[in-house]
Amino acid sequence: MTDLASPPSSSSPSSPSSSGSGDEWHQTACILCSINCGIEVKLDGRRFARIRGDKTHPTSEGYTCEKALRLDHYQSSTDRLTSPMRRRDDGTFEAIDWDTAIAEIAERFRAVADAHGGESIFYYGGGGQGNHLGGGYSSATRAALGSRYASNALAQEKTGEFWVDGQLFGKPQCHTTGDYEHAEVAVFLGKNPWQSHGFPRARPIIKAIANDPDRCLIVIDPRRTESADLADIHLQVKPGTDAWCLTALLAILVEEDLVDHAFLDDHANRFEELAGLLGGVDIARSADICGVDEDLLRTTARRMAAARSMSIFEDLGIQQAPHSTLNSWLEKLIWLVTGNFGKAGAMNLHTAFAQLFGRSTATPPTPVGGHRILAGLVPSAVIPDEILTDHPDRFRAMLIESSNPAHSLPDSKRWREALRALELVVVIDVAMTETAREADYVLPASTQFEKWECTFFTLEFPANAFQLRRPLLPATPGTLPEPEIHTRLVRALGALSDDDLAPLREAAAAGRAEFADAFLNAMLTQPHLSKLAPVVLYETLGQTLPEGAAAAAAVWGLCQIVAMTYPASVQQAGHADGNALFDAVMANPQGVVFTLDDFGATWDRMETPDKRINLVVDDLVAELQGLATEDPTARHAEFPFVLSAGERRSSTANTAYRDPSWRKKDPSGALRIHPDDAAGIGATDGCVVRITTEAGSAEVPVEVTDTMHLGHVSLPNGFGLDYPDADGTRVRHGVAPNEPTSVDNRDWFAGTPLHKNVRARLEVVA
């Protein structure tokens, strides 16, 4: 939705003022999902008086959902930190000055590294939602510490999918994206784009598909979501049975010879072997297990095969459910065997302004448990096991940035225990989060609207866009942007000196071209500087940038990498080289298209030696074959319900919103349950039930709704946070969805936690 009260404006502040004008629209972006829709804001002092979509933004084009309209509840939160905090011996916190905080943190980190090695210092985070530019500077701090192991939110969602991409297309960075706007058939698998978006202008696009008789919208989800209500076909699978639904669809495609043989002959390897595996699938049994009529599955497969183009979006509903990594392989096989790759309306390999994850397909395992590391990220569910042990190589300290793992990762109680067992915990965040309360030091960051910021999830094709956002407001007194925090830490750790920087500062003063030559030479000849590249750029080129934009120096470095990685795509978008791209980024606060592709570019980006798709993923074949004898449908005697923890609803956004006053609907975060299940336990709408899992229990009000599948209940995300009331007393609102989840309930291969499939029982609270 957009605010249409005034015409759009491309104006933007040259620098933030202490009190904003009420007449000027300022360009920025929403921070509440990965899309970062462009918005415009009118300020009333430091408050966001009005918010609307920015029609000049290259991808969102004026669209925004209701979440963005509530951003003042984040920016104007009374829960902000305004001073570094140090834990006292009695567990309380005291405010200290920045110089003291940086010096003490550096000294204590050095002590841990000297005693146990820098690899014992674990890093978690790297940029929270919409808070990405500062995260890029963390690599310098990690290098200064010798820190080797890291993780972030992607490790409880996407690493299995990234790994599958690497097996099929050659490298994990061969990440695919759908062209939903032009797809004849759009499939959303464990995905509700009406609420969680996932691609630009999601709501208008899925409505357009639903309203076009020549197109088809397919939703695969146990719950009848808002997206499912619009769908032409809703495969309402039983919770946790997606793998059987997907194998049935694939087996039908093979059995009825609905595959694109010409495409497979030209572009894929090992199809006959794959067909043999799928030929052994009992379609009728698979349909019975997933709870979808076989005729409907056959109708769906035939519609997929008949389409001129098809795009599929897989998301947390299958990535945090049983057979998580296998699901990602099966989902991709559907659009591959039907030839929906490398063309308009289908799936393609996109560019990236900054890589989401590590490039290596093989990384040594974790030091204690020997857990598999995918895309350079330690599985989030195993981190406590790498701490709560007497193993000599256990993690001893953590640096946590713009993340709240004690709330967002499985088994919050065990996470709190693990954090308390560490020798040092340092948190960088805007508020005293659940994780920050377990820290030894908390460093207060400026918000996303008080510093230079940028888009990070650049996932579009054929036109991919990036937005560098200017601050709307001065930093809240006592806070610092993350680039400055990391620069001070690197300096305090003794990793960088003025003597190191003098030649580069001289080159930066001479001009951008001179600096480019000097910087490249320094990166090639001085390895210790190359590891500190973001901070080196901040301290040299950054000091020559206008409008206090030193933090944007790292973006200059990314522009050079992008231009070298995708030269034809960058030039086709109108940028002669990396410097020209950087100039365009700086000059267009609404965002800029940085690469523009022809559809043939997808094949150029393949990383397999023969530029062909590897259809068979050997590590997952046994799991696929095991579906023939596995039966997930029997109800557990002690825990008969399946809980999905963290459902997206219209009344929830994410935990960046700690202020609950914006939530007009469902203020307590009700547990959703099917009417027949509610009747079975004697529950009525609004009553309170106790939900118990193997990890714990909680009490929560009930919402009885026929949108739920029998045996399936859900808790929303964004709850279980406390916030000060009018008297300053901290009051918790709703149930934290990860209090009842477990670190042991995870995918066998990728380690992704199965938040969407937690065994539970319910009882009415008198």
Side-chain angles (χ1 to χ4, degrees), residues 74 76-112 121-125 128 141 383-384 387-388 395-409 411-447 475-480 482 485 488-489 492 655-660 696 698 719-736 738-739:
Y74 168 71
S76 299
S77 168
T78 60
D79 209 20
R80 293 285 304 281
L81 284 167
T82 56
S83 173
M85 306 296 287
R86 177 177 61 197
R87 182 182 292 278
R88 299 187 181 101
D89 291 340
D90 64 1
T92 61
F93 284 89
E94 61 182 340
I96 57 175
D97 63 83
W98 274 100
D99 288 345
T100 299
I102 295 294
E104 290 185 3
I105 289 169
E107 181 181 3
R108 292 189 61 180
F109 269 136
R110 270 198 304 265
V112 173
I121 301 172
F122 190 81
Y123 178 79
Y124 189 90
T141 301
I383 298 170
I387 297 170
L388 295 170
F395 297 143
R396 309 281 183 146
M398 282 187 72
L399 174 59
I400 303 170
E401 181 177 4
S402 299
S403 299
N404 191 6
H407 176 84
S408 62
L409 297 182
D411 198 341
S412 299
K413 295 183 293 297
R414 185 163 171 79
W415 256 99
R416 291 191 290 270
E417 181 186 358
L419 291 170
R420 292 166 188 168
L422 291 165
E423 297 176 25
L424 176 64
V425 178
V426 178
V427 169
I428 302 172
D429 215 316
V430 300
M432 185 64 81
T433 65
E434 289 69 24
T435 301
R437 286 172 210 152
E438 307 299 333
D440 298 288
Y441 294 87
V442 186
L443 300 179
S446 308
T447 73
T476 296
T479 70
L480 290 174
E482 290 89 345
I485 294 173
R488 294 188 185 193
L489 285 171
T655 54
Y657 276 165
R658 303 190 68 83
D659 180 352
F719 282 85
L721 305 173
D722 59 44
Y723 192 78
D725 63 12
D727 298 327
T729 303
R730 301 197 75 88
V731 178
R732 178 167 293 185
H733 300 268
V735 173
N738 284 311
E739 290 292 340

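Taking CZ from Arg80 and CE from Met432, the interatomic distance works out to 13.5 Å, rounded to the nearest 0.5 Å. The structure places CD of Glu739 at 4.5 Å from CZ of Arg416, a figure rounded to the nearest 0.5 Å. Considering CG of Leu419 and CG of Leu388, their distance stands at 9.0 Å, rounded to 0.5 Å. With values rounded to the nearest 0.5 angstrom, Glu482 atom CD is found 6.5 Å from Ile428 atom CD1. With rounding to the nearest 0.5 angstrom, the CZ atom of Arg414 is 14.5 Å from the CG atom of Asn738. Here the CD-CH2 distance, from Glu434 to Trp415, works out to 14.0 Å after rounding to the nearest 0.5 Å.
Under the 4.5 Å side-chain criterion, counting only non-hydrogen atoms from C-beta, Phe109 is in contact with Leu399. Counting heavy atoms from C-beta outward, Ile400 and Val425 have side chains that approach closer than 4.5 Å. Looking at heavy atoms from C-beta onward, Tyr123 lies in side-chain contact with Glu401 at the 4.5 angstrom threshold. In this structure, His733 and Leu721 have side chains that are not in contact, with every pair of non-hydrogen atoms separated by 4.5 Å or more. At least one side-chain heavy atom of Pro724 sits less than 4.5 Å from a side-chain heavy atom of Asp79.
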Practice problem: Mind running side-chain contact (heavy atoms from CB on, under 4.5 Å) on Thr435 and Met398 for me, showing each step along the way? | Solution: CA-CA 11 Å; Thr435 301; Met398 282 187 72; over 6 Å; no
Exercise. Apply the test side chain to side chain donor-acceptor pair (under 3.5 Å) to residues Thr92 and Asp90: give CA-CA distance (whole Å), side-chain angles for both, the deciding distance (0.1 Å), then the verdict.
Key: CA-CA 6 Å; Thr92 61; Asp90 64 1; 2.6 Å; yes
Self-check item: Check against side-chain contact (heavy atoms from CB on, under 4.5 Å), Leu443 and Arg488
Solution: CA-CA 12 Å; Leu443 300 179; Arg488 294 188 185 193; over 6 Å; no
Practice problem: Go through the steps for Val735 and Phe719 under the test side-chain contact (heavy atoms from CB on, under 4.5 Å), then give the verdict. | Solution: CA-CA 6 Å; Val735 173; Phe719 282 85; 5.7 Å; no
Exercise. Let me see the working for Phe122 and Ile387 under side-chain contact (heavy atoms from CB on, under 4.5 Å), right down to the final yes or no.
Key: CA-CA 10 Å; Phe122 190 81; Ile387 297 170; over 6 Å; no
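With Arg420 contributing its side chain and Glu438 its backbone, the two residues share no donor-acceptor pair below 3.5 Å. Under the 3.5 Å distance criterion, the side-chain polar atoms of Asp440 are left unmatched by any main-chain donor or acceptor of Arg87. Side chain of Ser403 to backbone of Pro405: no donor-acceptor contact under 3.5 angstrom is found. Although no hydrogens or angles enter the test, the distance criterion places a donor-acceptor pair under 3.5 Å between the side chain of Tyr723 and the main chain of Thr78. A donor-acceptor pair under 3.5 Å links the side-chain atoms of Arg108 to the main chain of Glu423, judged by distance alone. A donor-acceptor pair is defined here as one N or O able to donate and one able to accept, closer than 3.5 Å; such a pair exists between the side chain of Trp98 and the backbone of Gly478. Under the 3.5 Å distance criterion, the side-chain polar atoms of Thr476 are left unmatched by any main-chain donor or acceptor of Ser446. Proximity of a side-chain donor or acceptor of Asp97 to a complementary backbone N or O of Asp99 within less than 3.5 Å is detected. At least one donor-acceptor pair closer than 3.5 Å links the side chain of Ser408 to the backbone N or O of Asn404.
The heavy-atom pair separating Leu424 from Ile105 by the smallest distance is CD2-O, 4.4 Å. Across all non-hydrogen atoms, the minimal contact from Ala436 to Ala431 is CB-O, 4.2 Å. Thr433 and Asp429 make their closest contact through CG2-OD2, 3.7 Å (heavy atoms, listed as atom of the first residue, atom of the second, distance). Here the closest heavy-atom approach between residue Ala475 and residue Thr479 is recorded as CB-OG1, 3.8 Å.
Residue-environment remark: CG (Asp89) stays at or below the threshold of 12 foreign heavy atoms within 6.0 Å.
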